[in-house]
Amino acid sequence: MRKNKLSLLTAVVSAAVLALCSCGSEKKKSSETAPVKKAAASMTSDEMLKADFSGVTEASSGPVLSISNTTCKAGETTEVTLSVSGTEEKWNSCGLHITYPKELKCVHKSSDTDDIRFTLGDASEGSGASIGLECAADLSDELTSNGLSSIFFTTIFTEHGFDGDIMTFYLDIPADAQSGTVYPIGLFYYTNDNFKSIDSDDSYQLYAFSNFKGGTVTVE
């Protein structure tokens, strides 16, 4: 049992390393990185998704990923929740980049690490291991030109995940944010990202990325 758990953790750490190779980090990284398919900074999210799923027909139904809509006062910290529905209890791992305006600051576990503070939800009950990281450097041109920052979240199961809340992370709102300001929270597909089913069905995975529903943070 211990060996299986260590294997799961290794798999998740490897996925996180892939993410760091894709979107970059300003802080300490692992010196041991496996060869990865690295996307060009000039490629858009849509271009990378199209390239990775070339020839794949999207499923007629499948998992719908969504971000919560929340309100918060200026200077406070708000919760942002990633949820999923329609999984049919078939998904067993994910690796996702969530975006938010750079004016917002993601809450970290400590000041000297890229690890973000997050809370797992009911959809992630029984997951083997999970990692959340902020992508702080070498972001895609599409993100930087739109003033967006990004986090990467990954988790994996021995069996499968469920419908419901996958995870919640936390963003600090600027103290001078104007009432009524709406900050969009979205998804950016990087090469190597995934939302895999138990049988690794690419049409299931493509449905998840193609039908994502973004959310917002609104200043009261």
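Owing to the predicted nature of the structure, the values given are computational and were not obtained by experimental measurement.
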**Student:** Is it the case that the side chains of S42 and D141 hold a donor-acceptor pair, with the cut-off being a distance below 3.5 Å and no angle test?
**Tutor:** no
**Student:** Between CG of L143 and SG of C135, what distance do you get to the nearest 0.5 Å?
**Tutor:** 9.0 Å
**Student:** What are the two closest non-hydrogen atoms of T144 and L139, and how far apart are they?
**Tutor:** CG2-CB, 3.9 Å
**Student:** Looking at CG of L206 and NZ of K50, how far apart are the two atoms once the value is rounded to the nearest 0.5 Å?
**Tutor:** 12.5 Å
**Student:** Got a list of side-chain donor-acceptor pairs under 3.5 Å for residues 163-170, not counting sequence neighbours?
**Tutor:**
| residue | atom | partner | partner atom | Å |
| --- | --- | --- | --- | --- |
| D163 | OD1 | G86 | N | 3.4 |
| D163 | OD1 | T87 | N | 3.0 |
| D163 | OD1 | T87 | OG1 | 2.6 |
| D163 | OD2 | G86 | N | 3.2 |
| D165 | OD1 | S83 | OG | 2.6 |
| T168 | OG1 | T81 | OG1 | 2.8 |
| Y170 | OH | T119 | OG1 | 2.7 |

**Student:** Taking S127's backbone N and O only, do any of them form a donor-acceptor pair with S124's side chain (distance below 3.5 Å, no angle check)?
**Tutor:** no
**Student:** Hey, can you pull the donor-acceptor pairs under 3.5 Å for the side chains in residues 173-184, sequence neighbours left out?
**Tutor:**
| residue | atom | partner | partner atom | Å |
| --- | --- | --- | --- | --- |
| Q178 | NE2 | D176 | O | 3.3 |
| S179 | OG | E220 | O | 3.1 |
| T181 | OG1 | Q178 | O | 2.7 |

**Student:** Ignoring hydrogens, what is the shortest heavy-atom contact between I131 and F118? Give both atom names and the distance.
**Tutor:** C-CE2, 4.0 Å
**Student:** Report yes if some heavy atom in the side chain of V107 is under 4.5 Å from a heavy atom in the side chain of T77; otherwise report no.
**Tutor:** yes
**Student:** Please test L187 against F209 for side-chain contact (heavy atoms from CB on, under 4.5 Å), starting from the C-alpha separation and ending with a verdict.
**Tutor:** CA-CA 8 Å; L187 183 77; F209 287 114; 3.8 Å; yes
**Student:** Mind checking the CG-NZ spacing from D114 to K109? Nearest 0.5 Å is all I need.
**Tutor:** 12.0 Å
**Student:** Just how far is it from atom OG of S54 to atom CG of D202, taken to the nearest 0.5 Å?
**Tutor:** 11.0 Å
**Student:** Give me the one residue out of F188, F195, F212, Y190 that meets ring-ring contact (aromatic ring centres under 6.0 Å, His included) with H97.
**Tutor:** Y190
**Student:** Just so I know, are the side chains of N211 and E58 near enough to count as touching, which here means a heavy-atom distance under 4.5 Å?
**Tutor:** yes
**Student:** I need the minimum non-hydrogen distance between A208 and L65, along with the two atoms involved.
**Tutor:** O-CD1, 4.0 Å
**Student:** Which ILVMFWY residues are connected to Y207, directly or by a chain of links, through side-chain heavy atoms under 4.5 Å apart?
**Tutor:** V64
**Student:** Does CD belonging to E125 count more than 12 external heavy atoms closer than 6.0 Å?
**Tutor:** no
**Student:** To the closest 0.5 Å, what do you measure between CD1 (I151) and NE2 (H108)?
**Tutor:** 9.5 Å
**Student:** Does the side chain of F153 reach to within under 4.5 Å of the side chain of T155, using non-hydrogen atoms?
**Tutor:** yes
**Student:** Can you confirm whether I185 sits close enough to T70 that some side-chain heavy atom of one is under 4.5 Å from a side-chain heavy atom of the other?
**Tutor:** no
**Student:** Could you tell me whether the side chain of N69 and the main chain of T216 form a donor-acceptor pair under 3.5 Å?
**Tutor:** yes
**Student:** With a 4.5 Å heavy-atom cut-off, do I98 and I67 have their side chains touching?
**Tutor:** yes
**Student:** Mind listing the closest non-hydrogen atom pair of S140 and A41 along with its distance?
**Tutor:** OG-O, 3.4 Å
**Student:** Contact between I116 and C106 at the side-chain level, heavy atoms closer than 4.5 Å - yes or no?
**Tutor:** yes
**Student:** Taking T71 as the fixed residue, which of T218, V217, V219 is the one that meets the side chain to side chain contact (heavy atoms under 4.5 Å, CB included) rule?
**Tutor:** T218
**Student:** If the plane angle is over 60° it's perpendicular, under 30° parallel, otherwise tilted; pick one for F162 and H160.
**Tutor:** perpendicular
**Student:** Could you check Y189 against D46 for side-chain hydrogen bond (donor to acceptor under 3.5 Å, both in side chains), going step by step and ending with a plain yes or no?
**Tutor:** CA-CA 7 Å; Y189 178 84; D46 287 344; over 6 Å; no
**Student:** Mind checking the NZ-CG spacing from K196 to D201? Nearest 0.5 Å is all I need.
**Tutor:** 12.0 Å
**Student:** Report yes or no: do F53 and M43 belong to one cluster of Ile/Leu/Val/Met/Phe/Trp/Tyr joined by side chain heavy-atom distances under 4.5 Å?
**Tutor:** yes
**Student:** Any heavy-atom pair between the side chains of S130 and L120 that's under 4.5 Å?
**Tutor:** yes
**Student:** Closest heavy-atom contact between F157 and W91?
**Tutor:** CE1-CH2, 3.4 Å
**Student:** Can you tell me if D112 and S110 form a side-chain donor-acceptor pair at under 3.5 Å?
**Tutor:** yes
**Student:** Which heavy atom of E142 sits nearest to which heavy atom of S45, and what is that distance?
**Tutor:** OE1-N, 2.7 Å
**Student:** Answer whether the closest heavy-atom distance between the side chains of L104 and S149 falls below 4.5 Å.
**Tutor:** no
